[in-house]
Amino acid sequence: TSVAASSVYFLYILSTKFTGASCSYCLLSALLSFNLFFITQKDFGLQHIQKVVGLQLFIASLVVLALNSSYSSSQPMPSSLVEIELPYFTTAITSPSSPFALSLAKHLQSIGAKMYGAFWYSHYLEQKQMFGSEAAKQLNYVECFLDGYKKGTKILKACTDAGIEGFPTWVINGQVRKLLSGEQELSDLVQASGFDVK
């Protein structure tokens with residue numbers, strides 16, 4: 001009951017406070033919550049459900065009240081990304097590079113593969129951490145927001161020209177590969193780039 005009530009409340013917030021936003025994970029979570037609720041109810045007879053319906057409504061009301069008071073007292077967030085001002089910063093890559101990661105990075109550089117990213121995006125950093133500090137320096141990396149991000153900042157022309165829609169995106173053999181948008185396993189990059197693993 002509490003999980004289903006929470007899902008109802010979160011869907012309400014999504015539809016009223018974040019109009020125009022979509023969240024497929026939220027909808028899937030709500031669907032699973034309602035399925036769980038109905039599955040547990042079918043094991044009880046109609047008479048038992050009638051006895052506990054008051055308790056379920058009480059629990060649902062408590063959950064909604066608690067979530068509402070928590071949401072109401074939270075700090076207001078900027079209504080959109082355009083209100084955020086982020087100066088450009090770099091983050092140190094702390095993981096060491098394996099011999100395999102170094103070889104793959106050199107191969108990607110030799111065929112002209114490029115990784116496009118945005119300094120604030122976590123997948124960009126995680127991708128570089130996968131390669132490690134030495135190999136990450138070998139990659140052809142294009143930062144799409146060199147001047148930081150604030151209202152009115154436009155993405156770097158090289159990124160729009162390459163058709164970049166998400167970060168990081170790999171362009172391998174001159175093609176933007178949609179399947180390579182986001183953080184990629186090194187094995188995926190091996191396959192996409194034709195790297196000969198010996």
Side-chain angles (χ1 to χ4, degrees), residues 10 14 18 20-29 32 70 74-198:
F10 293 137
L14 180 66
F18 299 95
S22 63
C23 177
S24 57
Y25 295 114
C26 303
L27 295 174
L28 179 61
S29 173
L32 292 173
S70 175
S74 64
Q75 292 290 329
M77 294 293 289
S79 60
S80 70
L81 189 60
V82 295
E83 296 178 17
I84 295 174
E85 292 193 18
L86 291 172
Y88 175 75
F89 61 87
T90 58
T91 306
I93 307 302
T94 56
S95 59
S97 296
S98 67
F100 171 74
L102 274 167
S103 298
L104 176 59
K106 287 178 184 174
H107 168 72
L108 290 168
Q109 183 185 52
S110 72
I111 65 168
K114 290 183 181 176
M115 180 174 74
Y116 293 81
F119 66 95
W120 74 84
Y121 207 71
S122 64
H123 289 298
Y124 141 76
L125 180 60
E126 290 162 7
Q127 185 75 86
K128 284 195 164 187
Q129 291 285 15
M130 267 189 208
F131 276 95
S133 58
E134 299 86 8
K137 291 174 188 170
Q138 301 287 328
L139 299 173
N140 291 322
Y141 174 69
V142 179
E143 172 57 54
C144 293
F145 292 92
L146 272 175
D147 295 327
Y149 186 90
K150 60 185 173 228
K151 184 175 181 176
T153 301
K154 294 192 191 275
I155 190 170
L156 192 70
K157 186 175 182 331
C159 299
T160 54
D161 290 348
I164 305 305
E165 296 176 358
F167 305 110
T169 292
W170 286 90
V171 176
I172 297 177
N173 296 325
Q175 296 180 343
V176 176
R177 309 234 178 176
K178 298 296 181 193
L179 71 158
L180 293 182
S181 287
E183 177 187 346
Q184 298 297 303
E185 295 296 326
L186 296 185
S187 58
D188 295 333
L189 293 170
V190 165
Q191 187 175 11
S193 67
F195 180 56
D196 185 19
V197 181
K198 297 176 184 174

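In this chain, numbering begins with 1 at the start of the sequence shown.
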To the nearest 0.5 angstrom, please state how far the [atom1] atom of [X] sits from the [atom2] atom of [Y].
X: Phe119; Y: Leu146; atom1: CZ; atom2: CG; value: 9.5 Å
X: Glu143; Y: Met115; atom1: CD; atom2: CE; value: 9.5 Å
X: His107; Y: Ser103; atom1: NE2; atom2: OG; value: 10.5 Å
X: Lys154; Y: Cys159; atom1: NZ; atom2: SG; value: 14.5 Å
X: Tyr124; Y: Gln129; atom1: OH; atom2: CD; value: 10.0 Å
X: Thr169; Y: Gln127; atom1: OG1; atom2: CD; value: 10.5 Å

Beyond-backbone contact of [X] with [Y], side-chain heavy atoms, under 4.5 angstrom:
X: Phe195; Y: Leu186; value: no
X: Gln184; Y: Met130; value: no
X: Leu156; Y: Ile164; value: no
X: Leu104; Y: Ser193; value: yes
X: Leu108; Y: Leu139; value: yes
X: Tyr141; Y: Pro168; value: no

Requested in this report: Assign the ring pair Trp170 / Phe131 to parallel, tilted or perpendicular, where the plane angle (0 to 90°) is split at 30° and 60°.
Outcome: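 Correct class here is tilted.
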
Report task. Fit a plane to each ring of Tyr149 and Phe145, take the angle between them on a 0 to 90° scale, and name the class: parallel (under 30°), tilted (30 to 60°) or perpendicular (over 60°). Result -> perpendicular

Heavy-atom pair of closest approach, residues [X] and [Y]:
X: Tyr116; Y: Ala158; answer: CE2-O, 3.9 Å
X: Ala101; Y: Ala135; answer: O-CB, 3.6 Å
X: Ser97; Y: Gly132; answer: OG-C, 3.1 Å
X: Ile93; Y: Ala136; answer: CG1-CB, 4.5 Å
X: Ala192; Y: Asn173; answer: O-ND2, 4.0 Å

Query - Donor-acceptor contact present, side-chain Glu134 to main-chain Leu102, <3.5 Å - result: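 Such a contact is absent between Glu134 side chain and Leu102 backbone.
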
Query raised in the report: Heavy-atom count around Glu126 CD within 6.0 Å, excluding the residue itself: above 12?
Result: yes

